[in-house]
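Working notes, structure below.
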Amino acid sequence: MAVVISVINLKGGVGKSTLAMILSEHLVFRFNKSVLLIDMDAQANLSYLMVPPRWISTQEKEHRTMYDFFKSSLSGKQSSLSEFIARPPLIVSNIARDFDTVRGRSNQTLDMVISTPRVAQLDEDLLSLWENKAPMPTNLRYALKEGLDAIKYDYDIILVDCPPGLSFFTSTALMSSDFFVSPVIPEPLSLEGVRLVCDRARELGRYPDCKVEFAGTILNIVKHYRNTHKDTCNQIYGQKSDALKPFSYWLPDNERLRALGEFEIDTEHIKEGWGAGVDTKFHSVYSKYSVSYLLSNPKEGLLSKAQELEGVKYRLHERIERLVQEFGERINIF
Ligand SMILES: Nc1ncnc2c1ncn2[C@@H]1O[C@H](COP(=O)(O)OP(=O)(O)OP(=O)(O)O)[C@@H](O)[C@H]1O
Ligand SMILES: [Mg+2]
């Protein structure tokens with residue numbers, strides 16, 4: 001049965017969607033797990049990172065997006081979440097899969113429920129129900145949880161990419177999750193964002209069936225050479241470590257990772273569907289995430305806690321793999 005994890009921070013631009021992409025692709029292609037990604041954000045960044053635009057349009061035209069799922073809950077007749085999943089032959093991720101995967105001989109599955117800007121309209125939809133004194137759906141808070149419960153046996157891991165802020169979307173994601181992780185840039189304001197999410201998770205704990213646990217903070221876009229980052233990291237690994245549960249492995253500010261966030265899946269590259277001779281952009285997670293140069297760890301400060309574990313120099317893909325390993329251990333899937 002799948003473990004459900006929300007990737008969440010009140011603060012925007014800290015790497016939630018990037019991390020959801022990194023974790024999902026490594027869990028599938030490196031650790032042979034089956035993963036479902038849920039994009040809850042009206043910005044739909046993760047959807048555009050994983051699915052070519054023309055297939056996103058198809059899903060939208062066929063009303064198979066997160067918005068349509070919630071809309072069905074609003075109407076009081078909630079459809080099964082499985083009707084909204086983008087799965088092969090729609091391309092989810094631009095890493096080539098081997099033929100066995102498509103034939104189902106491997107456990108590797110990477111499916112996704114995409115988002116669309118229309119998700120932002122749900123507030124308005126709710127408001128007009130209220131203004132028109134229409135019956136309000138009673139199960140909305142549990143809509144995602146019920147949807148996921150019904151398909152949990154099809155996956156090992158379900159990752160929910162949350163929008164920034166605290167809203168109906170983040171609450172419903174937390175209600176549905178076993179764990180949440182918070183990426184942070186080591187700046188004081190990011191830490192406040194994590195504290196507020198932890199408070200919200202505690203408040204939601206009073207609802208029956210909400211048992212979400214904090215799996216920890218993942219430091220991202222770390223500029224270890226900057227004093228503000230170093231000082232904040234020292235606090236995170238020092239006096240704040242009990243509250244923030246920082247992962248040992250953090251991700252540096254890296255041009256390769258930034259470029260992945262800026263890039264759109266190149267439809268020119270893709271013929272039709274996976275498997276059947278697809279010419280995808282990357283042939284492995286290694287080719288997508290490796291850099292040819294060695295990255296340095298800081299010489300001093302508590303950031304070097306991770307340095308003790310792995311030596312002074314490392315390559316990006318090694319760092320990512322260890323982070324994903326640590327993630328899997330924290331959510332008990334290995
Ligand atoms: N380790 C990294 N090094 C450099 N750039 C990064 C790194 N991680 C993420 N980025 C970049 O930072 C930007 C924000 O990342 P991302 O969209 O994943 O954040 P987010 O928290 O999901 O944002 P939002 O709150 O808007 O949903 C993107 O341009 C992404 O490419
Ligand atoms: Mg995002």
Side-chain angles (χ1 to χ4, degrees), residues 5-26 37-51 56 65-66 93-94 112-117 119-120 159-170 173-174 180-187 189-194 196-197 200 217-226 229 232-233 236 246-247 249-265 282 285 288-291 293 295-298 303 306 314-324 326-327:
I5 307 105
S6 285
V7 185
I8 181 167
N9 189 336
L10 186 85
K11 197 158 160 46
V14 295
K16 297 180 288 296
S17 304
T18 305
L19 197 70
M21 171 176 74
I22 292 175
L23 289 171
S24 64
E25 292 188 329
H26 282 78
L37 275 174
I38 307 274
D39 188 352
M40 292 280 277
D41 190 351
Q43 298 177 94
N45 291 343
L46 185 61
S47 302
Y48 280 95
L49 282 173
M50 306 299 289
V51 184
I56 291 190
T65 69
M66 221 43 223
S93 146
N94 46 359
M112 180 166 191
V113 184
I114 66 157
S115 187
T116 140
V119 158
L159 278 170
V160 185
D161 181 32
C162 293
L166 288 174
S167 59
F168 158 72
F169 296 103
T170 46
L174 286 171
F180 66 99
V181 284
S182 294
V184 298
I185 301 173
E187 289 162 353
L189 277 179
S190 284
L191 303 190
E192 187 58 12
V194 180
L196 292 170
V197 173
R200 174 59 59 91
T217 303
I218 297 177
L219 276 72
N220 188 28
I221 320 188
V222 178
K223 297 177 179 145
H224 59 74
Y225 43 86
R226 271 186 60 182
H229 278 214
T232 315
C233 286
I236 294 173
F247 280 59
Y249 295 98
W250 44 269
L251 295 178
D253 180 22
N254 181 265
E255 217 24 67
R256 181 76 190 246
L257 293 176
R258 185 178 314 283
L260 288 176
E262 285 160 0
F263 126 130
E264 201 174 71
I265 295 187
F282 301 102
V285 277
K288 186 164 178 178
Y289 293 100
S290 66
V291 292
Y293 47 90
L295 297 162
S296 295
N297 264 352
L303 271 186
Y314 59 89
R315 292 188 195 277
L316 181 66
H317 68 274
E318 292 165 350
R319 166 67 64 125
I320 291 176
E321 251 184 57
R322 288 172 195 191
L323 170 67
V324 179
E326 195 180 359
F327 174 80

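Values reported hereafter were calculated over all heavy atoms of this structure, with side chains retained and with hydrogens, waters and symmetry mates removed. Counting convention: from 1, in listed order, for ligands and their atoms alike.
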Report yes if the side chains of M21 and L37 come closer than 4.5 Å at any heavy-atom pair, otherwise no.
no
The atoms of ligand 1 lying under 4.0 Å from a heavy atom of G12, numbered in the order shown, are 25 (O)
Are any of the side-chain heavy atoms of R258 and D253 separated by less than 4.5 Å?
yes
Taking S182's backbone N and O only, do any of them form a donor-acceptor pair with N9's side chain (distance below 3.5 Å, no angle check)?
no
Between the side chain of S6 and the main-chain N/O of F180, is any donor-acceptor distance below 3.5 Å?
no
Beyond-backbone contact of L257 with I22, side-chain heavy atoms, under 4.5 angstrom:
yes
Under 3.5 Å, side chain of E25 to main-chain N/O of S93, donor-acceptor pair present?
no
Side chains of V14 and N220: closer than 4.5 Å at any heavy-atom pair?
no
Taking 2.8 Å as the limit, list every protein N, O or S atom around the Mg ion (ligand 2), by chain and residue number.
S17 OG
Backbone of D41 reached by a side-chain donor or acceptor of S115 within 3.5 Å:
yes
Which residue holds the protein heavy atom closest to atom 19 (O) of ligand 1, what is that atom called, and what is the gap in Å?
G15 N, 3.0 Å
How many angstroms lie between CG in L219 and OG1 in T232, if you round to the nearest 0.5 Å?
9.0 Å
Pick one of side chain, backbone, both or neither for how L46 approaches ligand 1, counting any non-hydrogen atom pair under 4.0 Å.
neither
Evaluate the side-chain proximity of I5 to L159: yes if any heavy-atom separation is below 4.5 Å, no if none is.
yes
Quick check on P163 - does any of its heavy atoms sit under 4.0 Å from an atom of ligand 1?
no
Donor-acceptor check, side chain of S47 to backbone of I114, threshold 3.5 angstrom: yes or no?
no
Per-atom contact, atom 29 (O) of ligand 1, protein heavy atoms, under 4.0 angstrom:
no
With respect to R200, which candidate in I8, L10, L166 satisfies the side-chain contact (heavy atoms from CB on, under 4.5 Å) definition?
L166
Applying a 4.0 Å heavy-atom criterion (strictly less than), which segment of P252 is in contact with ligand 1: side chain, backbone, both, or neither?
backbone
Atom indices of ligand 1 within 4.0 angstrom of P164 heavy atoms, with elements
25 (O), 27 (O)
Is there a polar contact, in the sense of an N or O pair closer than 3.5 Å, between L251 and ligand 1?
no
Atoms of ligand 1 close to D253 [distance to a heavy atom under 4.0 angstrom, numbered from 1]
3 (N), 4 (C)
Checking the N or O distance criterion of under 3.5 Å, is ligand 1 in contact with D161?
no
the protein heavy atom lying closest to atom 26 (O) of ligand 1 turns out to be Q43 NE2, 3.1 Å
Provide the number and element of each atom of ligand 1 under 4.0 Å from a heavy atom of D41.
27 (O)
For ligand 1, which atoms sit closer than 4.0 Å to a heavy atom of G261?
31 (O)
Using heavy-atom distances, let me know which of E255, R258, K11, K16 sits nearest atom 20 (P) of ligand 1.
K16
Protein non-hydrogen atoms only, distance under 4.0 Å: does atom 2 (C) of ligand 1 have such a neighbour?
yes
Give a yes-or-no answer on whether the side chains of S17 and D161 include a donor-acceptor pair shorter than 3.5 Å.
yes
For residues T18 and L260, determine if any side-chain heavy atom of one lies less than 4.5 Å from a side-chain heavy atom of the other.
no
Please examine the side chains of M40 and V119, heavy atoms only from C-beta on, and report whether any two atoms are closer than 4.5 Å.
no
How far is atom 15 (O) of ligand 1 from its nearest protein heavy atom, and which residue and atom name does that atom have?
T18 OG1, 3.6 Å
I want to know if ligand 1 touches C162 in the polar sense, i.e. an N/O pair below 3.5 angstrom.
no
Tell me which part of N220 gets within contact of ligand 1: side chain, backbone, both or neither, using heavy atoms under 4.0 Å.
side chain
Of N45, I221, V14, the one whose closest heavy atom lies nearest atom 6 (C) of ligand 1 is I221
Give me the nearest non-hydrogen protein atom to atom 23 (O) of ligand 1 as residue plus atom name, then the distance to 0.1 Å.
G13 N, 3.0 Å
If we count only N and O atoms by modelled type, under 3.5 Å, do the side chains of N94 and K288 hold a donor and an acceptor together?
yes
Considering V184, L49, L316, N254 one by one, which has a heavy atom nearer to atom 4 (C) of ligand 1 than any of the others?
N254
